[in-house]
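Single-structure report; data block below.
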Number of protein chains: 2
Amino acid sequence: MKRKITLKQIAKELDVSIGTVSKALRNSQEISEETKEKIQAFAKYYNYRPNNIALSLKNRKTKTIGVIIPEIVHHFFTKVIQGIEHLANKKGYNVIIGLSNESFDKEVINMEMLASGSIDGFIMSISKQTLLKQDYHHLNETINQGMPIVMFDRVVSEIRCDKVIIDDVEAAKKAVNKLVANNCKHIALITTMDYISVGRLRTQGYIEALNKHEITTEAELILKVDDKLVSEDYIDVLEKEIKTLFLMNPQIDGVFAVNELYAVTAMKVARNLGKRIPEDIQVIGFTDGVLSRHATPSLTTVTQYGHKIGEVAASLIIEKIESESPEDPVRTVVIETELIERESTK
Amino acid sequence: MKRKITLKQIAKELDVSIGTVSKALRNSQEISEETKEKIQAFAKYYNYRPNNIALSLKNRKTKTIGVIIPEIVHHFFTKVIQGIEHLANKKGYNVIIGLSNESFDKEVINMEMLASGSIDGFIMSISKQTLLKQDYHHLNETINQGMPIVMFDRVVSEIRCDKVIIDDVEAAKKAVNKLVANNCKHIALITTMDYISVGRLRTQGYIEALNKHEITTEAELILKVDDKLVSEDYIDVLEKEIKTLFLMNPQIDGVFAVNELYAVTAMKVARNLGKRIPEDIQVIGFTDGVLSRHATPSLTTVTQYGHKIGEVAASLIIEKIESESPEDPVRTVVIETELIERESTK
DNA sequence: TACTAACACGCAAACGTTTTCGCTGAGAAT
DNA sequence: ATTCTCAGCGAAAACGTTTGCGTGTTAGTA
């Protein structure tokens, strides 16, 4: 009904100038106590709040961080957002989100929309399609216009910006080492196509770990899932591929999957084939989501501390935004991972 | 490095006035073809984009929607956000999110922060603490200042604003009817405390359904979980309470839970007690999340189409924002629910 | 009395747009 | 030669702030 009150209205009502009102509210000593009290009381009564947009225009700062992610219905990303939001809010920043839906075009459009003054910096994870196209012009243009970017999870090394990652190779090794220590002789890997950097790195870790233990890697034990399919069919195809994997290689006694969905699906398929977990097959997943925790048996998994990743990303971007010298060197922060042991391993 | 280019800079460079540049870029017929071409070419070359903040200030519209939710690491809420974002983007709006973490104070602070000019309207689901306190002054103040609100999921009827809900009573009946049809004689209910409106309504649906089938409701079959606890301990307590429920009432042959976590936990506890699902106990949950789909056995559940809820909420708020007459009547849209049958029922 | 200094406030610019209005000059009409 | 018309452009206000600087009033000092 009644619009928000402005400095101008207060000034008019109290018969002083706009500048005086502004100073009084900011408690400037330039203004007499008497006037200050009068103005402050009036402002409080009418619940005056400075207009953020006007402040943004004047200060050339919006105090808002843009977050671009491929997908929000996803435990890991929501954890990261939670972390970002937590730290950002503590520092007086807002968070505005853009979903790319794994699409290059939507990623570009979303970034352009936000880059036109709405935000002070980006935190983002690249869409699959962008990774596939390897077209990063929108990132470079954004950076060239003086807008800082922090990348996490799916990063691309060519881009000159801060990054927050985990050591995927090392994390995968932890998982595989655990399986080896638990006496697994034939460990299968369920991973993504190589253009997804995190999948590629985890695959590398799997191979290196096996090599270290002088176990020969068998190509047929590695299943690279092409996840361009969507939801419904997707699960069916996934199940079928895993089933084939198990049937063709009955010697499998351990599985390492690069995400929790692959892992629980593997458990499901295995059980349908009459295998017991963890007695016959031990399974380790990646990402400690709601599935891992509440599956039966509950899933041993590598947790990536998404909340922490978000917090660090937020603090990096805010530091960059508030830094006077934008030309300081780029940093890459590696967040620790941890193996959480549950019922799917012995 | 180089800041974004402005109208002023273009004007200076091309030796025309700012107004001329603005008009030329908006293709005003007031400007000669020759000048327009020159200016447009220059602007294109330098990748000119109008500054959103300046536009917001001038138009008194930000083209941004604020979304306040209690929690983002939650399948249903992410589905809703996805729906909101999808429709909002299609209409040229951005989405800015605020998390209340189920806290009253954070809800108020977040709303005040966003209400100060950053957004044109709110879409929100109330925090538990707010529902408990029943203090809605921040909502009323926001509405009084002419900022529209659309509530979803956890709504409060006293507030005069648009709402998007599901028919919780009816949905609960669907679930219970199914159990009755499947020959369950002693159906337990696992629900929340009554101050959570959706929990209360689903409880009501449970009771009404039983009454209709002339089954006497037994108070000891109703478990009201006090979910003020957090994460870790929470699950333990939940499991313990459910275990007690089963042990005290061995006659239970059906369970209706008001969310998927309660449902899968019930399945887990039941199995640990040697009960088979669905042979001995049939279970139906609420919300079709990742847990329902990938649990074993997969969970029969009531889906609430969160994506649809988000889309409708977004279209309602945008309609209100762009409406000339803010005084049109408040609407309540009821979104359909559906029972998805999976393996946890016969 | 005259000068100075401090105090308390107003003025105006700036952030980047859009848009209304008015001005200028050139060609056409009288 | 004088007036009219109109195309083409510039000036300025407005959105709501903050802030440096200028200014008038008063009190204090010589």
Side-chain angles (χ1 to χ4, degrees), chain A residues 2-40 42-43 46-64 113 115-120 145-147, chain B residues 2-40 42-43 46-64 113 115-120 145-147:
Chain A
K2 43 177 181 186
R3 278 227 156 279
K4 292 220 72 169
I5 196 168
T6 69
L7 287 187
K8 189 194 275 192
Q9 294 170 41
I10 300 182
K12 190 173 177 186
E13 211 64 40
L14 261 41
D15 214 44
V16 289
S17 80
I18 295 177
T20 303
V21 177
S22 175
K23 287 171 188 164
L25 293 177
R26 324 203 95 241
N27 237 322
S28 160
Q29 60 214 6
E30 218 178 318
I31 308 297
S32 71
E33 281 306 324
E34 192 188 9
T35 315
K36 273 200 280 193
E37 274 173 30
K38 184 178 65 178
I39 293 178
Q40 288 175 0
F42 189 92
Y46 282 99
N47 197 25
Y48 170 80
R49 294 271 179 282
N51 181 309
N52 281 334
I53 295 294
L55 286 180
S56 295
L57 184 59
K58 178 139 190 57
N59 301 333
R60 283 126 143 256
K61 301 243 168 180
T62 63
K63 286 244 155 193
T64 303
M113 199 157 166
S116 310
S118 305
I119 60 161
D120 295 337
Q145 294 193 346
M147 166 105 40
Chain B
K2 42 177 182 184
R3 276 226 158 280
K4 292 222 70 170
I5 195 168
T6 69
L7 287 186
K8 189 194 273 193
Q9 292 170 43
I10 299 181
K12 191 173 178 186
E13 211 65 38
L14 261 39
D15 215 45
V16 290
S17 80
I18 296 178
T20 303
V21 176
S22 175
K23 288 171 193 162
L25 293 178
R26 324 203 95 241
N27 238 321
S28 158
Q29 59 214 6
E30 218 179 318
I31 309 297
S32 73
E33 281 306 322
E34 194 187 8
T35 316
K36 274 200 279 192
E37 274 173 30
K38 185 179 65 180
I39 293 178
Q40 288 175 0
F42 189 92
Y46 282 99
N47 198 25
Y48 170 79
R49 294 270 180 280
N51 181 310
N52 282 332
I53 294 296
L55 287 180
S56 296
L57 184 57
K58 178 138 189 59
N59 301 332
R60 284 125 143 255
K61 300 245 167 177
T62 62
K63 287 240 150 199
T64 303
M113 199 155 166
S116 309
S118 303
I119 62 161
D120 296 338
Q145 293 192 347
M147 167 110 33

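All values below come from the heavy atoms of this structure, side chains included, with hydrogens, waters and symmetry mates left out.
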Nearest-angstrom distance from the residue atom [atom1] of [X] to [atom2] of [N]:
X	N	atom1	atom2	result
A:Q9	D:dT17	CD	P	9 Å
A:L7	D:dA14	CG	P	16 Å
A:N51	D:dA14	CG	P	17 Å
B:I53	C:dT18	CD1	P	14 Å
A:I10	D:dT18	CD1	P	11 Å
A:N52	D:dT18	CG	C1'	14 Å

**Contacting residues from residues 22-34 of chain A, given that a heavy atom lies under 4.0 angstrom of DNA chain C** =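 Only A:K23, A:E30, A:I31, A:S32 qualify.
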**Message:** Classify B:L55 by what it touches in the nucleic acid, base, sugar-phosphate, or nothing, heavy-atom distance under 4.0 Å.
**Reply:**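 Sugar-phosphate: the residue B:L55, judged by heavy atoms under 4.0 Å, touches backbone atoms but no base.
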**Request:** May I ask you to say what B:S56 touches in the nucleic acid, namely base, sugar-phosphate or nothing, with a heavy-atom cut-off under 4.0 Å?
**Result:**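 Answer is nothing: B:S56 stays at 4.0 Å or more from every strand.
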Can you name the residues that form a side chain to side chain donor-acceptor pair (under 3.5 Å) with [X], not counting sequence neighbours?
X	result
A:N51	none
A:T20	A:S17
A:S32	A:T35
B:S118	A:N52

**Message:** Under the rule for ring pair (Phe, Tyr, Trp, His ring centres under 6.0 Å), what residues qualify as partners of A:Y48, not counting sequence neighbours?
**Reply:**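 Applying ring pair (Phe, Tyr, Trp, His ring centres under 6.0 Å) to A:Y48 gives none.
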**Prompt:** Is A:Y48 near enough to D:dT17 that one of its side-chain N or O atoms lies under 4.0 angstrom from OP1 or OP2?
**Reply:**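 For A:Y48, the contact criterion (side-chain N or O under 4.0 Å from OP1 or OP2 of D:dT17) is met.
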Under 3.5 Å, N/O pairs linking protein and nucleotides 12-15 of chain C:
{"residue": "C:dA14", "atom": "N3", "partner": "A:K58", "partner atom": "NZ", "Å": "3.4"}
{"residue": "C:dC15", "atom": "OP2", "partner": "B:K8", "partner atom": "NZ", "Å": "3.0"}
{"residue": "C:dC15", "atom": "O3'", "partner": "A:R60", "partner atom": "NE", "Å": "3.3"}
{"residue": "C:dC15", "atom": "O2", "partner": "A:K58", "partner atom": "N", "Å": "3.4"}

Distances under 3.5 Å between protein N/O atoms and the N/O atoms of nucleotides 26-28 of chain D, please, pair by pair.
none

**Asked** When the C1' atoms of the five terminal pairs at each end define the local axes, what inter-axis angle does the helix from C:dT1-D:dA30 to C:dT30-D:dA1 show, to 10 degrees?
**Response**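 The angle separating the two end axes equals 80°.
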Donor-acceptor contacts under 3.5 Å from residues 6-15 of chain B side chains, at least two apart:
{"residue": "B:T6", "atom": "OG1", "partner": "B:K8", "partner atom": "N", "Å": "3.4"}
{"residue": "B:T6", "atom": "OG1", "partner": "B:Q9", "partner atom": "N", "Å": "3.3"}

**Prompt:** Does B:R49 have any side-chain contact (heavy atoms from CB on, under 4.5 Å) partners at least two apart in sequence or in another chain, and if so, which?
**Reply:**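 Here the qualifying residues are A:E112, A:S116, B:K4, B:N47.
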Can you tell me how far [atom2] of [Y] sits from [atom1] of [X], rounded to the nearest 0.5 angstrom?
X	Y	atom1	atom2	answer
B:K61	B:I119	NZ	CD1	13.0 Å
B:I39	B:N27	CD1	CG	11.0 Å
B:K58	A:L57	NZ	CG	12.0 Å
A:T62	A:L55	OG1	CG	11.5 Å
A:D120	A:S56	CG	OG	7.5 Å

**Prompt:** salt bridge (Lys or Arg N to Asp or Glu O under 4.0 Å): which pairs involve residues 17-33 of chain B, sequence neighbours left out?
**Reply:**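 For residues 17-33 of chain B, and leaving out neighbouring residues, the salt bridge (Lys or Arg N to Asp or Glu O under 4.0 Å) pairs sorted by first residue read B:K23-B:E30, B:E33-B:K36.
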**Prompt:** Taking all atoms of both residues into account, what is the closest heavy-atom pair of A:A43 and A:L25, and its distance?
**Reply:**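 Closest approach of A:A43 to A:L25, heavy atoms only: CB-CD2, 3.6 Å.
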